[in-house]
Amino acid sequence: MRSSVRFIRRGRIVELSAAEARMTLLDWLRLRDAAVGTKEGCAEGDCGACTVILARMKQGRVVHEPVNACILLAGQADGAEVLTVEDLSPTGAVHHPVQDAMLRLHGSQCGFCTPGIVMSLAAMHQDAPRPVSRQAVCDQLAGNLCRCTGYRPIVEAALEACAAPQPEVPAARGVALTALRDEAAIFAGNDAAFFAAPRREAELFDLLARYPDALVVAGATDAGLWLTKALIAAPRVIWLARVEGLDRIERTRTALSIGATATVADAARELGSLAPDLAEVIRRFGSTQVRASATVGGNIANASPIGDLAPCLIALGATLELAAGNATRTLPLEDFFVAYKKQDRRPGEIVRRISVPLPDVAMQFRAFKITKRMDEDISAVLGAFAFQVDGRRIASARVAFGGMAGIPARARTTEQRLLGLDLDAPPTWPPLLDCLAAEFKPLSDHRASAEYRSLVARNLLHKALLEIAGAPLSSTRIVTHVEAAHAGE
Amino acid sequence: MPAAPFPERERIDARDKVLGATAYAADIPLPGLLYAMMVPATTPKGRVETVAVEGAMQVRGVVRVLTAFDFPALPGPPPTPATEIAYRGQPVALVVAETLEAAIEGAEAVRATYAGQAFVPLIDSPGAARELVQPKKAGNAQAAMAGAATTIEASYVSPAQHHNPMEMLSTTAVWRDGKLTIYEGTQSASLVRANVAIALHLDPAVVEVKSAQVGGAFGQKIPLQRQTPIVALAAILIGRPVKLVLPRAQIFHNAVFRPKSRHQVALGADAGGKLTAIRYDADHQQSRKGTLEPGYHESPPRMYGVADYDGTAAHVRIDTQDPGAMRAPYPHPAQFAFESAVDELAHKLGRDPVAFRLAHQATTDPISGNPLSSCFLNDCLTEGARRFGWERRPIAQGAMVEPDGTLVGWGVAAGGYPANVSPTIATLRVSADGRTRFAVAGHEMGQGIRTVIAQLLQRELDVDPARLEIAIGDTAAAPQHTTASSRGTVSVGAAVTAAAAKMRAAMAELIGQRSIAGNIHRQLATVRRPFLQVEVSTLGPGQDAGALDRLRAGARAAAGPEYPQFTSFSYIAHFVEVRVEPSTRRVRVPRVVSIADCGRVVSPRTAASQVRGGVVWAIGAALREETEVDPRFGGWLNADLADYVVPVNADIGDIDVGFVDRPDPLFNAVGSKGLGEVAMVGAAAAIANAVFHATGTRVRKMPLRIEDLL
């Protein structure tokens with residue numbers, strides 16, 4: 001058992017007390033470490049001004065993940081090296097290629113977002129395989145807002161910096177990170193106030209039983225907001241990421257199984273391989289920084305009414321495994337969501353893993369995320385559709401929506417009506433499409449009106465059917481304007 | 001004689017910015033620093049009856065809690081915690097503690113009770129009070145309209161918006177040896193100094209305000225910020241430095257914002273298709289005691305040389321915080337309405353919207369009767385049309401459809417913005433050891449004013465750019481104007497020109513007939529003179545010395561756009577392509593061409609960046625940004641960056657920027673007008689006009705929502 005959190009900062013091992021471990025990493029950097037180059041712009045993981053890099057050992061190599069320090073607890077840096085903007089060119093002369101390109105290509109105006117942008121791009125510069133495409137740069141920048149420049153010079157700077165070969169990771173970093181590794185559970189603090197990171201499930205269940213009111217966090221990309229925005233007091237924090245095996249991603253012959261603490265970034269490749277549209281939803285899920293911290297289990301367990309992954313996984317027929325002590329139970333994912341922000345999770349129970357059946361060749365999956373802006377935006381509506389096609393008829397249908405009700409929900413009546421639908425007879429579809437309207441009573445809010453949501457939900461189902469019926473993608477989708485604008489390059 | 005074109009140069013502050021070494025107000029390390037958190041009112045209108053601070057005082061680390069009862073009583077509403085609550089989120093108390101965590105916990109523990117009152121949340125709610133201001137008229141628009149062969153009339157709406165610069169509002173106050181020093185991001189250091197002195201009954205001479213680097217402002221940081229005197233008083237009472245960084249939601253509720261505005265525009269054209277009459281009635285959302293004028297008649301009369309103009313404007317007073325200026329405060333909403341209406345008229349006349357505008361070259365300001373100092377709008381339109389490929393545009397709507405059903409539309413609109421100038425008081429010191437220090441008014445908030453000053457100085461004098469200190473944003477260095485309304489470059493341009501001339505004269509006197517080699521530092525060293533220092537003051541056209549007194553006092557000192565002999569405006573033309581997705585009606589803006597007439601361009605690199613940023617602002621305004629009021633409770637609904645959606649990188653396509661770069665012959669010696677504001681003006685209308693061209697649907701309110709196009 002270890003009684004402090006440890007990470008590497010500027011060549012030294014830092015040990016944090018329980019109180020420090022529960023601060024946000026941003027506050028720790030600015031207030032305790034006097035590293036004020038990292039900025040606070042929103043305190044909710046939207047603007048990216050606080051982006052820092054966590055370097056960690058993963059599967060035997062060092063990875064550099066950009067994270068939002070404003071909603072990450074300092075304790076979550078345990079086992080990592082924390083790199084900030086000041087560390088890239090420590091002599092004070094600009095020598096990091098990203099900083100150099102940002103300087104020469106005028107990627108900075110007021111400069112407040114610049115440290116975060118530099119760190120996002122530095123992570124990419126270090127880890128991204130070459131060549132780095134414009135689209136990859138745009139994806140990397142999705143979580144960084146700039147209010148001055150109009151972004152273009154920043155994209156150019158990133159492309160120029162990443163045109164050079166991928167640099168070697170300093171050998172000392174891997175050595176230091178390996179040396180820091182241990183198998184200990186962490187309990188920093190006392191009964192009244194602590195930061196705990198159990199190593200085994202049994203230890204986790206003990207903690208949950210003893211401290212039922214503790215705040216349980218995985219990536220903290222949502223729970224972090226409760227601390228920074230709702231300003232809740234959370235003296236007892238249990239962090240799940242060190243629980244052995246809970247982050248395991250496994251593929252059997254029939255299913256993809258994702259441990260609850262696997263990050264969205266780590267699960268992205270396997271999940272995305274199930275269906276191209278799921279890969280696209282994940283590309284637009286939060287931002288690079290959010291995906292590096294957020295977990296698949298957390299996204300499910302928090303039961304957001306939108307939650308992007310949930311409707312997709314419901315349509316794919318995923319099941320959820322819950323555990324409390326030795327007792328486990330499995331239920332269809334859709335049954336987990338009971339009502340707005342209310343889940344079928346019993347006291348002391350955790351979401352252990354989620355299992356997604358591998359789609360067979362007759363299965364057709366479509367998912368569409370509708371937002372106001374292209375990136376980093378909460379969906380107004382997310383529609384996910386999985387159809388088994390037999391000949392030219394729908395043999396089974398699973399239709400799920402986010403943003404249409406207080407929970408991610410299936411359209412069960414519509415699913416029934418779709419059975420036997422003739423893909424070659426579009427004129428017979430409208431009554432079936434209309435049936436959706438009776439199944440949902442969406443809200444009007446600033447993201448979209450109820451009427452718009454209903455109409456778009458219907459159109460998305462229509463679009464999915466058209467595509468499955470064989471309509472060319474060029475008639476149902478447009479290339480992103482980023483691609484269009486740079487098609488000639 | 002106007003200056004020749006300026007070369008492209010690197011920003012002089014970019015190096016520190018990419019290194020993370022630039023210190024903003026909240027980054028300044030101070031020994032013994034205390035942290036503060038504000039307690040916002042939880043009622044939209046009423047009176048504070050009690051504030052219980054005991055709970056907060058019991059939190060370990062809390063040092064003091066300030067409430068309205070700690071502040072000097074003043075006639076009128078003080079900018080401090082008050083017992084009268086005028087809007088939800090108004091400060092009720094300030095908790096000061098040894099740590100930020102304790103300050104937050106303490107703020108949560110403060111309990112206030114209120115006697116609530118009925119409130120008016122929206123401009124169309126019952127109880128909203130309409131208050132007309134002086135109309136703006138020229139000629140006889142009524143007669144001209146009556147005689148018009150073709151008329152159109154329509155109403156347009158611009159929403160409430162918040163600036164959301166990336167830097168949060170913050171104040172750090174230090175009280176030491178009877179002197180108050182305030183570090184904060186502001187566009188108006190001298191104004192802050194004057195108003196803090198008034199609020200706290202201090203002699204302005206003991207107050208200094210330092211705002212060396214501002215992380216974006218866009219108008220939000222023009223007025224005295226609500227928290228500043230509160231934090232200052234806390235520092236004075238406790239005797240230790242105090243820092244407050246407002247959470248973003250509190251900024252939404254206490255900073256100024258762009259008020260919602262409504263615009264009724266009628267245009268008349270004669271039988272020859274010439275625009276002859278303009279009637280334009282505007283009103284905007286206003287607080288009960290706010291002073292932001294509904295000044296929407298700045299740009300429309302100065303665009304197209306129409307002699308007959310009839311404009312009215314009004315406040316609509318409701319229960320909200322004070323609105324304020326946000327980037328292009330009047331011309332952006334006004335030109336959205338006016339340039340949409342011009343497009344509607346051109347359409348009704350069957351005219352190409354570029355050709356229609358080109359036929360209306362303005363030379364005179366109908367309001368003052370004076371000539372315009374310069375107007376190269378037609379050059380902007382011609383060059384923009386060429387670069388955009390406008391000649392390939394079909395005149396009919398919905399005529400450009402991609403194979404996938406995407407509707408493509410091309411739109412144009414123009415903008416104008418007053419050319420303003422502030423008086424300046426500046427000090428230039430050149431030293432034999434190679435250093436140069438120039439102290440003048442200005443605040444660096446991203447626009448690149450330090451780079452502009454360096455650019456101008458290096459043209460005038462052979463000084464060493466590596467050892468050049470530009471002291472701005474500091475009341476201790478020079479009286480600070482409000483850096484806004486695109487007056488920065490023009491104002492410092494005058495100061496640099498004057499200071500350099502005086503320095504050259506002083507050098508000539510010092511050196512006499514001798515011929516000495518080397519740059520100015522070298523020459524000083526040779527004659528064994530440690531340094532030379534000159535002080536200058538400059539005035540805008542037609543200003544007298546009273547303007548310098550106002551500048552020193554932190555009062556409004558700027559002039560423009562109407563000067564004794566002429567009126568001066570900057571202009572711009574925007575060409576926009578929109579793409580409307582067939583199944584969802586999402587609107588994308590893949591391509592924009594913007595050509596500006598800002599007179600002589602002093603810093604080509606920062607100028608192009610200003611225009612790109614301005615266009616991005618217009619894309620945000622046209623398609624995304626609106627702060628929505630919750631009419632049940634007052635206050636703002638989407639008070640964070642997750643739900644106040646500013647454009648992200650993926651929203652932005654190609655923005656091609658060009659400049660006419662012809663010097664203005666009358667306004668000043670450099671030949672510059674202004675740029676940062678005009679950059680945005682008209683671009684939102686160009687988007688709406690392009691959407692009309694794509695879909696045939698005319699949307700007359702911002703933001704254009706997908707719902708509007710279904």
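Per chain, numbering begins at 1; letters A, B, ... match sequence-line order. Note that this is a predicted model, so its numbers are computed, not measured.
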Interchain contact, A:Q99 with chain B, by part (heavy-atom threshold 4.5 Å):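 For A:Q99, backbone and side chain are both near chain B.
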Between A:R284 and chain B, with a heavy-atom cut-off of 4.5 Å, which part of the residue counts as in contact: side chain, backbone, both or neither?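 For A:R284, side-chain heavy atoms alone lie under 4.5 Å from chain B.
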Side chains of [X] and [Y]: does their closest heavy-atom pair fall under 4.5 Å?
X      : Y      : result
B:L19  : A:E86  : no
A:C110 : B:E167 : no
A:F112 : B:Q213 : no
A:L31  : B:Y35  : yes

Pick from [options]: which one has the most heavy-atom pairs with chain A under 4.5 Å?
options                : answer
B:A14, B:P165, B:A642  : B:A642
B:V646, B:I251, B:T22  : B:V646
B:I706, B:V616, B:N638 : B:I706

Steps toward side-chain contact (heavy atoms from CB on, under 4.5 Å) verdict (B:L100, A:D27): CA-CA 9 Å; B:L100 179 59; A:D27 281 346; 3.9 Å; yes
Check whether B:E10 reaches the backbone of A:L103 with its side chain - one donor and one acceptor, N or O, closer than 3.5 Å.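 Absent.
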Non-hydrogen atoms of chain A under 4.5 Å away: do they reach the side chain of [X], the backbone, both or neither?
X      : answer
B:V214 : backbone
B:A23  : neither
B:Q610 : both

If we check side chain to side chain contact (heavy atoms under 4.5 Å, CB included) with B:N649, which of these qualifies: A:V137, A:D139, A:L141?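 For B:N649, the side chain to side chain contact (heavy atoms under 4.5 Å, CB included) test succeeds with only one of A:V137, A:D139, A:L141, which is A:L141.
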As a test of understanding, state which of B:R11, B:K17, B:Q447, B:R612 forms a side chain to side chain contact (heavy atoms under 4.5 Å, CB included) with A:Q109.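 Only one option passes, and that is B:R11.
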Check this for me, if you would: do B:D27 and A:K39 make a salt bridge, where the nitrogen-to-carboxylate-oxygen distance has to be below 4.0 angstrom?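 Here B:D27 pairs with A:K39 in a salt bridge, since their nearest N and O are under 4.0 Å apart.
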Closest approach of B:G20 to A:P115 (non-hydrogen atoms, all atoms of both residues):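 So the two residues come closest at CA-CG, 4.3 Å.
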Do you know which two heavy atoms are closest between B:L641 and A:C42, and how far apart they sit?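 That closest heavy-atom pairing would be CD1-CB, 3.7 Å.
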Any chance you could lay out the salt bridge (Lys or Arg N to Asp or Glu O under 4.0 Å) test for A:E451 and B:R705, step after step, and finish with the verdict? CA-CA 13 Å; A:E451 298 73 32; B:R705 296 251 194 246; over 6 Å; no
Residue pair B:D654, A:R152: steps toward the salt bridge (Lys or Arg N to Asp or Glu O under 4.0 Å) verdict: CA-CA 8 Å; B:D654 278 345; A:R152 183 63 185 263; 2.4 Å; yes
Separation of B:R9 CZ from A:H106 NE2 (nearest 0.5 Å):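 Reported value, rounded in 0.5 Å steps: 14.5 Å.
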Salt bridge (Lys or Arg N to Asp or Glu O under 4.0 Å) for A:R32 and B:E101? Distances and angles first, verdict last. CA-CA 13 Å; A:R32 298 285 194 275; B:E101 299 91 316; 3.8 Å; yes
Audit row: A:C146, B:M166, side-chain contact (heavy atoms from CB on, under 4.5 Å) steps and yes/no: CA-CA 7 Å; A:C146 169; B:M166 298 313 300; 5.9 Å; no
